[in-house]
Amino acid sequence: MPELPEVETVRRGLERLVVGKDIISTEVRWDRIISGMDPELFNKALSGKKIESIGRRGKYLIFNFSDDLSMVSHLRMEGAYYTAPAGTEPGKHDLVTFHLNDGVDLFYRDTRKFGRMVLTDSDKVMQVNGLASIGPEPTESSLTLEYMLDEFKHSRMRLKPFLLDQKHIAGLGNIYVDETLWQSKLHPKTPANLVTPEEMAILRENIITELAYATEHHGTTVHSFTNAFGEAGSFQNELKVYGRVGQPCLRCGTPLEKIKVAQRGTTFCPHCQVEKH
DNA sequence: GAAGAAACCTGCACGC
DNA sequence: TGCGTGCAGGTTTCTT
């Protein structure tokens, strides 16, 4: 399940593999992957375009093509890109193929068909659904303590769904929310406006550090995530709570518990992370 | 307007 | 062995 570190890992891989190449044509095998556009128009618009650069904002990949055209791609749960020699037969879950000019095909694979691609003018990328209201990147310079204090104090939403909402902070998903809340000793059901300034400073530092560290380790491989080279990340070996339900908390030894918060499986330590009301 | 729930999807684990 | 059920989860859309 790609979160920010996984998407950045994919971006770096694609940058090495496909930037500078031309698209000859595309094949779409699941129409709904292309949001708001007929697949034939998608193919027509992309044919002959050069892939000039690949950017990222939060969990969104942004392909920039020649003639000021861009494509916003969200991998959602299990989306993945990989390249293969031209003529390679697409697999069952290869939903889109980009035929490139140097004997290479770029495949988009998505087992659950949750991913979406949107073609748009390059100057309208930030108007695409999801990007229009996205919060700051979790970095020292973008995610300031002042911003967090101001953003959190207006909401009684529980921390788990609050942090998952990309409007507040870009890039966090289920795994890293559980990890950073555990590190910060905050209960996932605590309302956002009850986090003290001292706790907020710790939470901020943990979010920034955790995502940077996970990116260094090429992300977390829990289900099917691999980068554009088909390589798995290694950060799953660093997880302290996610996937460790029933095992002892690494801080206090209490067995970790799993609950549902806002429809999301949530693992936490009932001793270290005390709920506030 | 805010918050919660359902829907989108498929593979897998589990129970019978 | 085979079938039915529940679960996993990011985002959008619908409902309260």
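Below, chains carry the letters A, B, ... as their sequence lines are ordered, and counting in each starts from 1. The basis for the numbers below is simple: all heavy atoms, side chains too, and nothing from hydrogens, waters or symmetry mates. Everything numeric in this text was worked out from a predicted model, so none of it was measured.
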Original post:
What's the spacing between A:Glu179 CD and A:Glu3 CD if we round to 0.5 Å?
Top reply: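 Result: 9.5 Å between the selected atoms.
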**OP:** Considering only heavy atoms of chain A and a distance under 4.0 Å, specify the first and last nucleotide of DNA chain B in 5' to 3' order that meet this criterion.
**Re:**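 The contacted stretch runs from B:dA3 to B:dG11.
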Can you tell me if [X] touches the phosphate of [N], counting only side-chain N or O atoms and a distance under 4.0 Å to OP1 or OP2?
| X | N | result |
| --- | --- | --- |
| A:Lys59 | C:dT11 | yes |
| A:Tyr176 | C:dG10 | no |
| A:Lys258 | C:dA8 | yes |

Subject >> Pairs flagged by ring pair (Phe, Tyr, Trp, His ring centres under 6.0 Å) wherever residues 23-51 of chain A is involved - sequence neighbours left out >> reply: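 Residue pairs passing ring pair (Phe, Tyr, Trp, His ring centres under 6.0 Å), neighbours aside: none found.
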Original post:
With sequence neighbours left out, what residues match A:Phe98 under ring-ring contact (aromatic ring centres under 6.0 Å, His included)?
Top reply: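 Here no residue qualifies.
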Subject >> A:Leu164 vs A:Arg264 side-chain heavy atoms within contact, under 4.5 Å >> reply: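 Of all side-chain heavy-atom pairs linking A:Arg264 with A:Leu164, at least one is under 4.5 Å.
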**OP:** Could you tell me whether the side chain of A:Leu14 reaches within less than 4.5 Å of the side chain of A:Leu61, counting heavy atoms only?
**Re:**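 They are in side-chain contact.
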Original post:
5'-most contact on DNA chain C: A:Phe114 or A:Tyr60, nearest heavy atom basis?
Top reply: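 Closest to the 5' end, via its nearest nucleotide, is A:Phe114.
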Subject >> Axial bend angle, the helix from B:dA2-C:dT16 to B:dC16-C:dG2: five-pair end segments, nearest 10° >> reply: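 What I find for the helix from B:dA2-C:dT16 to B:dC16-C:dG2 is an axis angle of 50°.
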Original post:
What parts of residues 149-167 of chain A reach DNA chain C, counting only heavy atoms under 4.0 Å away?
Top reply: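 When residues 149-167 of chain A is checked for heavy atoms under 4.0 Å from DNA chain C, the hits, listed by number, are A:Gln166.
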Original post:
Yes or no on side-chain hydrogen bond (donor to acceptor under 3.5 Å, both in side chains) for A:Thr97 and A:Arg29, after CA distance, side-chain angles and deciding distance?
Top reply: CA-CA 9 Å; A:Thr97 307; A:Arg29 295 177 202 83; 2.6 Å; yes
Original post:
What do you reckon, are the aromatic ring centroids of A:Phe162 and A:Phe152 less than 6.0 Å apart?
Top reply: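 Centroid separation for A:Phe162 and A:Phe152: below 6.0 Å.
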Can you tabulate the close N/O pairs, meaning under 3.5 Å, that link protein atoms to atoms of nucleotides 13-16 of chain C?
none

Original post:
With a non-hydrogen cut-off below 4.0 angstrom, is A:Arg32 in contact with a base, only sugar-phosphate, or nothing?
Top reply: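 Sugar-phosphate, no base atom in range.
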**OP:** May I ask you to decide whether A:Glu78 forms a salt bridge with A:Arg76, counting only side-chain N to carboxylate O separations under 4.0 Å?
**Re:**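 Looking at A:Arg76 together with A:Glu78, the answer is no, because their closest N to O distance does not fall below 4.0 Å.
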Original post:
Checking A:Arg244 against A:Trp182: charged group under 6.0 Å from the ring centre and within 45 degrees of the axis?
Top reply: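 Here A:Arg244 fails the 6.0 Å and 45° test against A:Trp182.
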